[in-house]
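Report on the following structure.
Residues: numbered from 1 along the sequence shown.
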Amino acid sequence: MDFMKEYEKWVASPALSDAERAELESVRNDPKEIESRFYGPLEFGTAGLRGIMAVGLHNMNIHVIRWATQGFAQVICAEGEEGKRRGVAICMDCRNHSMEFARAAAEVCAANGIHVRIFESLRPTPELSFAVREYRCQAGINVTASHNPKEYNGYKVYWEDGAQLPPHHADAIAAALEQIDVFNGIRRMDFDEAVKAGLIETMGEETDRKFMANVTAMINDKETVAKVADTFKLVYTPFHGCGYKLVPEALRTLGIKHLICEPKQMVIDGDFPTVVSPNPENPEGFYLAIDLARENDVDFILGTDPDSDRVGIMIRDHSGEYRPVTGNQTGVLLLDYLIGAMRRSGKMPEKPVALKTIVTTEMARKVAESNGVTCYDTFTGFKFMAEKKNALEAAGEGKVIFSYEESYGYMLGDYVRDKDAVTASMLLTEMAAWYAAQGMTLFDALEKLYEKYGHYAEKTYNLVMPGLDGLKDMAQLMKNLRENPPAEISGVKVVTRKDYTDGSVVDCATGAALYQKLLAPEFVPQLCRFAAEQDVALLTYDSRGIVCERDQDPWARKECVTTKLEMYHVDDLASYVDYPICKMLLTVDPARRDAVCAAGRQRFEGKIDIYPSSPFFIEAVPLGVAKDRSLAALLERMGLTRENLMACGDGLNDRSMIAFAGVGVAMQNAEDTVKEVADYVTAADNNHDGVAEAIEKFILQ
């Protein structure tokens, strides 16, 4: 993008106010600043948008909000009239311009015929997730930048399950935005007119009551809280944000009598005047709460971030000093407490599950599994934990009792699919009161957990890299890490290395690839050249069916019979397939199969696996998936036949991947990957054809 051309377009646009135009004119002689504002749009991802508030395409402002909402509206409209009728729920936090941005989003949705439910004033993020689920909305929008500094704002988007947007919908919005002009491609309807037309309605106290009924139903042990209510005290701060109302309400419903709220930080203010950063991960922000705690002889301090989705705690140690508790430690404390409390109260489900992210402490797994609770990892982000919760519970394979990540986010209950500091604050307080009844502080409790489960240590570093230079620095850091990975950490040799972008696992001693989850795009043109040299057909699959250059090849056509899928011709498969895929298939005369297979193995040794899966098929799959075994032999070990796969119809591609990945990885006895594949089997078994169950049973034997 020509950033100067885009800058001049904005300056000349009649959509800008005089103040906005003056802001842009003030940087006319600063090309670096202009570039940082106009080198490209804010990237729309699964978490939506986030950036510094300023006038510019790469900033958060009302024009970018309208533009993003128009793209989101088109995705909602693609769900048909029912999706538009179900509509969107909209929420906002305490930040400067958040209400203005939320109303602008509502106007765009209404103009696109989408029904809107918007909160009358700021609300905690988890209440937005709740509202989407409670009112069966198609989607949700939350104007918030969570715990970021005051200069930032954001635009989070949710889908019908109340979780942040899944990747394929985020991709659809990003694609739509490429076709929408930021000024001229937007539909707008006056807010008040949309209210009169019945397209916008407000939410308020009635939604608060429904949400809080669900929150307080999570209480496990009100009786023990009552026993210490006359002596137990805590200090709470919302850091000028959304927790100011509902968190104290939850604590009082729990039975807390001595709740001391930090008065200066109970004032809603998007400038966050009492702190440098309104982030409960930063202990410096608790200084006023600590002073209050000292004055009132309090052991326990609670703080929620501006949109009340994250919560941090501070505890008093034996020397009388107040110490921050990390998100990892807080999660471990709460998980251990919940397991006990739920069992004491009879609330523990039959197959309890705890979820954590790949960067969250392994102590959580130790606590869970030591107490008969299954623990699963997900990628970082609560949308992934929400997906995992939905999949496990839909399959009847477990009930999630707790999900958390190290960055102070905790998800509980069935009524939200995002971080929830309202519920977490209440249960953390219940936990602190329960330990107080045992004559212990949370400092004592944490020490006891280390004695019981072993000592674990983690430290998180927050590196702030703003602007265009920051993006370049981050990209370079990751490039350097991949090109020059550490051979040891603190004197301990690194044994294996996993790259989560492609799932590959490398043996650090030999440099050999142990496992690859997907075929990297670079191998597709190499396979195409190999197929041409061998004069055989190469095919793969997409959402339409089978794609192939030689679509009339008699051996390639056999895949249509096997899978009952249509075959589509493409002129250049290497250019058509530009994404990581599970496998590719060489189709060949049986008389030539072994020779072509041998040539393929020689060509791709150490890169991908080549092996025959039938008399006329040769599979090209990621390293380590098949271990040079034929599909027939692998299925035989599971008591299945190829006919079982054929019976899957349209699902053959997914089922085949399950077979290759599941059995191949099981043979390698790679525990972490086996669990990952078992998770994939569970989520992918949409046809309920019995194949996935048999494979999973085999994997987990």
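- The existence of a salt bridge linking Glu205 and Arg209 is confirmed by a sub-4.0 Å separation between a basic side-chain nitrogen and an acidic carboxylate oxygen.
- Heavy atoms from other residues, nucleotides or ligands lying under 6.0 Å from CZ of Arg21 number more than 12.
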Determine, step by step, whether Tyr236 and Thr304 satisfy the side chain to side chain donor-acceptor pair (under 3.5 Å) criterion, reporting the C-alpha distance in whole Å, the side-chain angles of both residues, the deciding distance to 0.1 Å, and the verdict.
CA-CA 8 Å; Tyr236 168 66; Thr304 55; 2.7 Å; yes

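- Taking the charged nitrogens against the carboxylate oxygens, Glu160 and Arg136 have no contact shorter than 4.0 Å, which rules out a salt bridge.
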Could you walk me through whether Phe239 and Phe286 pass the ring pair (Phe, Tyr, Trp, His ring centres under 6.0 Å) check?
CA-CA 9 Å; Phe239 290 116; Phe286 281 92; 5.2 Å; yes

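- Between atom CD1 of residue Ile180 and atom CZ of residue Phe183 there is a gap of 14.0 Å, rounded to the nearest 0.5 Å.
- Inter-residue side-chain proximity for Thr237 and Leu288 is flagged as unmet; no heavy-atom pair is nearer than 4.5 Å.
- For Lys399 and Asp414, the salt-bridge test passes: some basic side-chain N is under 4.0 Å from an acidic carboxylate O.
- At most 12 non-hydrogen atoms from other residues, nucleotides or ligands lie less than 6.0 angstrom from CZ of Arg188.
- Defined by atom type and a distance below 3.5 Å, a donor-acceptor pair is missing between the side-chain atoms of Asp93 and Thr125.
- A donor atom on one side chain and an acceptor atom on the other are not found under 3.5 Å apart for Asp305 and Tyr408.
- Within the 3.5 Å criterion, the main-chain N or O of Arg86 finds no donor-acceptor partner in the side chain of His115.
- A donor-acceptor pair is defined here as one N or O able to donate and one able to accept, closer than 3.5 Å; such a pair exists between the side chain of Gln70 and the backbone of Arg187.
- When each of Leu165, Ile141, Leu128 is tested with Tyr158 by the rule side-chain contact (heavy atoms from CB on, under 4.5 Å), just one qualifies, namely Leu128.
- In this structure the side chain of Ser277 never reaches within 4.5 angstrom of the side chain of His147, judged on heavy atoms.
- Annotation: side chain of Arg95 is not in contact with side chain of Phe101 (no heavy-atom distance under 4.5 Å).
- Of the charged side-chain nitrogens involved, at least one lies within less than 4.0 Å of a carboxylate oxygen, so that Lys356 and Asp377 count as a salt-bridged pair.
- A side-chain donor-acceptor contact under 3.5 Å links Thr69 to the backbone of Ile65.
- Of all the heavy atoms in Pro149 and Pro278, the pair that sits closest is CA-CD, 4.3 Å.
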I'd like to know whether Tyr135 forms a side chain to side chain donor-acceptor pair (under 3.5 Å) with Thr207, so could you lay out the CA-CA distance, the side-chain angles of the two residues, the decisive distance to 0.1 Å, and finally the verdict.
CA-CA 10 Å; Tyr135 298 118; Thr207 306; 2.7 Å; yes

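- Once rounded to the nearest 0.5 Å, the distance linking CG of Asp192 with CD1 of Ile200 reads 8.5 Å.
- In this structure, Glu406 and Thr360 approach most closely via the heavy-atom pair N-OG1, 3.3 Å.
- Tyr376 places no side-chain N or O within donor-acceptor distance of the main-chain N or O of Met385, the cut-off being under 3.5 Å.
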Given the rule in the side chain to side chain donor-acceptor pair (under 3.5 Å) test, do Asn96 and Asp271 qualify, once you have shown the distances and angles that lead to the verdict?
CA-CA 7 Å; Asn96 297 327; Asp271 287 326; 2.9 Å; yes

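- Separation of atoms CG (Leu334) and CG (Leu412) is listed at 6.0 Å; rounding is to 0.5 Å.
- The minimum heavy-atom distance linking Pro238 with Gly243 is given by the pair CB-C, 4.0 Å.
- In summary, the side chains of Asp161 and Asn390 do present a donor paired with an acceptor at a separation below 3.5 Å, with no hydrogens or angles considered.
- A side-chain donor-acceptor contact under 3.5 Å links Gln265 and Thr274.
- Considering CG of Asp181 and CH2 of Trp67, their distance stands at 10.0 Å, rounded to 0.5 Å.
- Considering CE of Met99 and CE of Met92, their distance stands at 4.0 Å, rounded to 0.5 Å.
- Ion pair Asp208/Lys245 flagged as a salt bridge, since at least one NZ, NE, NH1 or NH2 atom sits closer than 4.0 Å to an Asp/Glu carboxylate oxygen.
- Between Glu82 and Arg85 there is a salt bridge, with a side-chain nitrogen of the basic residue lying less than 4.0 Å from a carboxylate oxygen of the acidic one.
- When side chains are defined from C-beta on, Met474 does not count as touching Met478, because their heavy atoms never get closer than 4.5 Å.
- Ion pair Glu33/Arg37 flagged as a salt bridge, since at least one NZ, NE, NH1 or NH2 atom sits closer than 4.0 Å to an Asp/Glu carboxylate oxygen.
- Looking only at side-chain heavy atoms (C-beta outward), Lys32 and Asp469 come within less than 4.5 Å of each other.
- Here the side chains of Val422 and Ser308 are in contact, with some heavy-atom distance below 4.5 Å.
- Note that CZ of Phe130 and CE of Met212 are 11.0 Å apart. Values are rounded to the nearest 0.5 Å.
- For Glu43, the CD atom sits in a loose shell: 12 or fewer heavy atoms of surrounding residues, nucleotides or ligands are nearer than 6.0 Å.
- With hydrogens and angles ignored, the 3.5 Å screen pairs a side-chain donor or acceptor of Asn148 with a backbone N or O of Ala145.
- Among all heavy-atom pairs drawn from Met426 and Leu251, the shortest one is CA-CD2, 3.7 Å.
- Counting heavy atoms from C-beta outward, Phe211 and Leu246 have side chains that approach closer than 4.5 Å.
- The shortest non-hydrogen separation linking Ala170 to Phe44 is O-CD2, 4.2 Å.
- Between the side chain of Ser129 and the backbone N or O of Pro126, no donor-acceptor pair lies under 3.5 Å.
- A salt bridge is defined here as a Lys NZ or Arg NE, NH1 or NH2 lying under 4.0 Å from an Asp or Glu carboxylate O, and Arg28 with Glu25 meets this definition.
- In this structure, the side chain of Thr253 engages the main chain of Glu249 through a donor-acceptor pair within 3.5 Å.
- Counting only distance, with no hydrogens or angles, the side chain of Tyr410 and the backbone of Thr423 share no donor-acceptor pair below 3.5 Å.
- The minimum heavy-atom distance between Ile268 and Gly241, with the atom names listed, is CG1-O, 4.4 Å.
- With contacts defined as side-chain heavy-atom distances shorter than 4.5 Å, the pair Met411/Asp420 does not qualify.
- Below 30°, between 30° and 60°, or above 60°: for Trp10 and His63 the angle between ring planes is above 60°, a perpendicular geometry.
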